[in-house]
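Worth saying up front: this structure is predicted, and the values here are computed from it rather than measured. Lettering follows sequence order; numbering is per chain, from 1.
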Amino acid sequence: MSGAPGSVVVVGAGLAGVTTAEYLRAHGYDGRLTLIGAEDEPPYDRPPLSKDVLTGKSALDEVRLHPEGWYADRQVGLRLGVAAQEIRPAERAVVLADGTVERADAVVLATGGTARRLSVPGAEHPSLLTLRTARDAVRLRERLVPGTRVAVVGAGLIGAEVTASAVALGCEVTLLDPVTPPLVGVVGPEIARVLHAQHEQHGVDLRRGSVGRVESTGSGVRLHIGDGVVDCDVVVVGIGIELNLDLAHSAGLAVDGGVLVDNAGRTSNPAVFAAGDVARRVGAPREEHWDAALREGEAAAAGVLGQPAPAAKAPWFWSDRYDTHLEGVGSFTTADRTVVRGELTADFTAIALRGGGLVGAVAVNRPQEIKALRRLLDRNVPVDAAMLADESVDLRRLARGV
Amino acid sequence: MVDQPQSTGRRVLVCRVADLPHGESLRVPREETGTGDAIALFNDGGRFHALNDTCTHSRASLSEGWVEDGLVECPLHGGTFDLRTGAAVGSPATEDTTTHDVEVLEDAIYLIPRT
């Protein structure tokens with residue numbers, strides 16, 4: 001393939017890394033392609049970990065990103081269980097933890113992040129777990145037997161999903177968050193309140209506050225929160241991730257709240273690209289959702305090939321808890337007006353507008369409306385607030401322009 | 001081209017044309033199709049197409065997907081398939097799917113499932 005680098009090493013075998021490799025091959029790249037994953041597990045999809053994998057509905061083998069033979073069929077050299085230790089762009093080399101060196105005319109960093117841990121006295125207690133990797137999910141699943149007292153710290157998307165899964169498994173759950181209600185920035189205040197209230201409706205003990213200290217009580221732990229305490233057997237800490245930036249720093253890449261990249265995923269070093277959780281596009285907030293990892297993987301691969309990136313799309317995410325399928329597109333942070341279709345107590349779609357234009361939407365159990373709104377947003381279709389609020393108007397027709 | 005399995009040659013009455021407006025889709029259960037997977041029947045701008053209902057990427061029903069311009073987008077992750085050929089044309093779907101023949105006789109829509 002003319003113009004393309006002779007060899008590409010993708011560091012990180014999560015969704016962003018695997019998508020990069022996939023896009024490269026799908027778009028005719030025929031050079032040497034290596035995908036490096038620090039975990040032993042064949043690449044897997046992360047969203048099910050807090051839901052179907054945790055509740056035992058899906059085995060890990062059912063959430064692989066690709067079937068076993070996929071990588072060999074496409075001549076993608078998959079190196080699992082070995083971390084990349086250093087990238088040396090000037091030498092066109094990636095050094096692995098086992099001492100081997102991979103030749104890399106281009107490198108794609110998709111190193112993601114590591115679950116953030118509590119940094120309070122006693123937080124090293126072995127009953128404090130996190131959920132980020134497949135191994136984390138398996139370890140947590142073993143602990144979530146009926147009757148277990150579980151404290152979930154952090155009521156963001158992961159915390160909320162783990163809470164719902166633990167409830168489904170028959171655990172007694174306490175959910176802690178310093179902000180009431182959480183997710184306001186993601187879904188707006190009305191929906192954040194509705195979602196947070198669901199936990200209480202499912203028997204979850206909601207506590208506001210942050211953990212100041214962790215005390216060992218023999219079999220379990222006691223969390224000290226302000227003046228109160230929570231006694232539990234297991235603690236799940238869901239307070240976000242720390243980015244895995246060591247490789248970027250050692251290669252001298254520009255880093256500011258993520259490895260800085262342009263629209264083509266290119267970092268400050270023209271031979272190095274970045275995608276997924278670890279990357280941040282200059283001038284935009286860093287994104288941590290599944291769809292963003294996929295799109296950024298595609299953009300970086302296109303960048304490696306010197307091809308134009310696929311058209312950018314509005315951020316999109318989903319989350320499942322209890323019987324609620326939550327989906328959102330765009331953003332609520334800049335909204336000056338919200339219109340709601342349906343009832344907040346049942347299924348609904350809330351639409352965020354700014355200056356009469358569509359900027360975001362979030363829906364409970366109305367995925368088709370989000371699909372329509374996503375297209376209206378991506379296609380910059382002018383909208384009318386009264387029409388959007390009118391339940392008799394089929395949003396899909398608006399999106400199709402019929 | 002996507003290699004497709006043999007047609008069963010059986011004709012299964014699904015619904016009336018009026019029951020499936022433009023852009024709509026319908027899930028025909030396995031008990032009716034006699035196939036390994038349920039079948040999703042689509043009306044894309046007046047053209048009827050049928051694919052295996054379960055997305056090849058993960059367990060989602062394509063009958064709940066978005067139908068437009070000859071494609072269906074999976075409701076779960078947005079993988080897309082060509083309605084005519086079953087080819088996976090948009091990530092994260094990478095595995096092609098099975099198509100089934102559709103016949104319209106008078107005002108009735110029939111499926112002719114493949115195995």
Side-chain angles (χ1 to χ4, degrees), chain A residues 15-16 18-23 25-27 43-45 47-48 52 57-58 62-67 70-71 73-74 289-291 293-295 297-299 301 310 313 316-318 320 325 327 329 365-375 378-379 394-402, chain B residues 1-3 18-27 37 40-49 52-83 85-98:
Chain A
L15 180 65
V18 170
T19 301
T20 304
E22 183 174 339
Y23 190 99
R25 284 298 188 233
H27 288 76
Y44 55 89
D45 205 17
D52 286 0
K57 208 182 280 178
S58 293
E62 294 176 81
V63 301
R64 301 290 174 209
L65 287 171
H66 290 299
W70 188 93
Y71 302 90
D73 288 351
R74 284 157 188 77
H289 292 303
W290 184 95
D291 186 57
L294 184 101
R295 303 292 161 210
E298 293 179 342
K313 289 186 173 178
W316 169 60
F317 77 94
W318 78 92
D320 293 289
H325 176 72
E327 250 184 80
V329 64
N365 296 339
R366 290 192 178 194
Q368 284 284 6
E369 294 201 341
I370 288 294
K371 301 244 163 348
L373 288 157
R374 195 178 172 196
R375 283 164 176 80
D378 286 338
R379 294 168 189 175
D394 186 344
L395 296 182
R396 294 180 301 169
R397 286 177 183 274
L398 290 185
R400 292 195 178 97
V402 295
Chain B
M1 259 324 274
V2 179
D3 287 332
D19 298 333
L20 193 66
H22 288 196
E24 295 291 331
S25 38
L26 189 74
R27 182 176 186 276
D37 187 10
L41 178 68
F42 308 93
N43 179 346
D44 178 36
R47 287 171 182 269
F48 297 98
H49 305 275
N52 272 5
D53 185 50
T54 307
C55 178
T56 58
H57 170 251
S58 67
R59 282 177 294 188
S61 168
L62 291 180
S63 71
E64 291 164 25
W66 184 275
V67 181
E68 196 172 22
D69 295 338
L71 304 174
V72 59
E73 182 188 294
C74 173
L76 204 51
H77 299 129
T80 43
F81 297 90
D82 186 312
L83 288 170
T85 65
V89 292
S91 47
T94 53
E95 203 183 313
D96 300 332
T97 193
T98 302

Between A:K371 and B:E64, does at least one N-O distance fall below 4.0 Å, as a salt bridge requires?
no
Any salt bridge between B:E68 and A:R379, counting N to O under 4.0 Å?
yes
Apply side-chain contact (heavy atoms from CB on, under 4.5 Å) to residues B:H77 and A:L294 and explain how you reach the verdict.
CA-CA 10 Å; B:H77 299 129; A:L294 184 101; over 6 Å; no
So do A:R375 and B:W66 actually touch side chain to side chain, heavy atoms under 4.5 Å?
yes
Give the member of A:W70, A:Y23, A:W316 that has the highest number of heavy-atom pairs under 4.5 Å with chain B.
A:W316
Which heavy atom of A:R295 sits nearest to which heavy atom of B:S91, and what is that distance?
NH1-OG, 4.4 Å
Rounded distance (nearest 0.5 Å) linking atom CZ of A:R397 with atom NE2 of B:H22
9.0 Å
In Å, rounded to the nearest 0.5 Å, how long is the span from OG1 of B:T94 to CZ of A:R74?
6.0 Å
Checking [X] against chain B: side chain, backbone, both or neither under 4.5 Å from a heavy atom?
| X | value |
| --- | --- |
| A:D291 | neither |
| A:D320 | neither |
| A:A372 | both |

